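Some notes on the structure that comes next.
Nothing fancy with the numbering, it's 1 onward along the sequence. Remember, predicted model here, so these are calculated numbers, not experimental data. Counting convention: from 1, in listed order, for ligands and their atoms alike. FYI, side chains are in, hydrogens and waters are out, and symmetry mates aren't considered; it's all heavy atoms of this structure.
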Amino acid sequence: MTAAQPIIRLDQVTKAFGVGRSFTAVDRLDLDVGTGQMLALLGKTGCGKSTIFNMIAGLTEPTSGIVTVDGRNPFRDFDAFRGKIAIVFQNDRLLPWRTAVQNVGLGLEMLDIPPKLRNETAMHWLGKLGLLGHENDYPHALSGGMRQRVSIARAFATDANILLCDEPFSALDEMTGRTLRAEFLKLVKENGKTAVFITHSINEALEIGDRLVVLKRPATIALDVSLQRNCTIENKEAIRGRIQDVLAS
Ligand SMILES: Nc1ncnc2c1ncn2[C@@H]1O[C@H](COP(=O)(O)OP(=O)(O)O)[C@@H](O)[C@H]1O
Ligand SMILES: [Mg+2]
């Protein structure tokens with residue numbers, strides 16, 4: 001499926017690891033993500049999702065093929081992406097010696113935003129994530145769900161137009177994860193972000209994505225479907241069935 005205006009593009013991307021690069025984690029992957037799309041990238045553990053994520057985020061380079069984000073190479077032009085891509089990992093990756101508001105302000109600090117504006121912006125996003133009153137708490141004093149709220153606030157605070165999320169809710173209990181997922185989805189849409197959301201959960205992919213790409217080892221596309229916003233329950237169940245078939249085969 002080709003999006004009208006791809007902002008993220010993988011062209012025949014391969015990533016191999018190990019001695020003599022004998023292990024192929026991603027195999028000649030072609031993937032375009034359109035501006036404003038919420039792509040759920042679904043696959044079993046070990047199928048290469050985080051490897052794809054790391055290449056889009058510019059944290060690693062493909063063995064062959066080309067990754068383009070907003071017209072540039074995210075690995076080679078890494079510095080050009082400061083403030084343009086925001087990342088949420090499974091682990092909140094907060095700095096334990098910084099309070100919630102200081103953690104949210106981290107990306108803004110790196111963008112040289114002056115302290116007053118940094119603080120106002122961080123407080124605004126803490127408010128959006130329901131954390132007012134906890135701004136001066138250190139991560140150890142917050143629950144897992146609250147810490148992940150802080151890291152989502154941090155991702156939105158820089159106003160990056162691309163959000164990359166690698167299983168951000170999978171370490172949370174189901175109820176907490178579901179609530180946060182709904183809030184996250186709303187914020188992504190309200191703020192017109194493009195998001196790539198990695199998950200190993202079919203339910204999560206169906207709740208989050210307006211497009212679902214199912215990967216099979218070694219990270220090749222087994223299914224690529226669009227979900228209309230007003231998709232009926234019957235439609236969703238039909239898609240769920242197709243995903244289950246693909247993952248079981
Ligand atoms: N840095 C690495 N060195 C060697 N093998 C790796 C490395 N990163 C990932 N792999 C392997 O590549 C495969 C895909 O890993 P990963 O992308 O983390 O999968 P997922 O995120 O879908 O669980 C796994 O078999 C993993 O062991
Ligand atoms: Mg992973």
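For the pair Lys49 and ligand 1, the shortest N or O to N or O distance falls below 3.5 Å. Considering both main-chain and side-chain atoms, Ala25 never comes within under 3.5 Å of ligand 1 through any nitrogen or oxygen pair.
With a heavy-atom cut-off of 4.0 Å, Phe53 does not touch ligand 1 at all. The proximity of Met55 to ligand 1, defined as any non-hydrogen pair under 4.0 Å, does not occur for either the backbone or the side chain.
Taking a 4.0 Å cut-off on heavy atoms, Lys15 fails to register as neighbouring ligand 1. Between Cys47 and ligand 1 there is a heavy-atom distance shorter than 4.0 Å. No heavy atom of Glu167 sits closer than 4.0 Å to any atom of ligand 1. In this structure, Gly18 does not count as a contact residue of ligand 1, since none of its heavy atoms falls inside 4.0 Å of the ligand.
Under 2.8 Å from the Mg ion (ligand 2), one finds the following protein N/O/S atoms: Ser50 OG.
Nearest to atom 9 (C) of ligand 1 among the protein's heavy atoms is Phe17 CE1, 3.5 Å. For atom 11 (C) of ligand 1, the nearest non-hydrogen atom of the protein is Phe23 CE2, 3.7 Å. Looking only at heavy atoms of the protein, atom 14 (C) of ligand 1 is closest to Gly46 O, 3.4 Å.
No salt bridge links Glu237 with Arg242; every basic N to acidic carboxylate O contact stays at or beyond 4.0 Å.
Taking the ring centroids of Phe89 and Phe53, they lie under the 6.0 Å cut-off.
Within a 6.0 Å sphere centred on NZ of Lys189, other residues, nucleotides and ligands contribute more than 12 heavy atoms.
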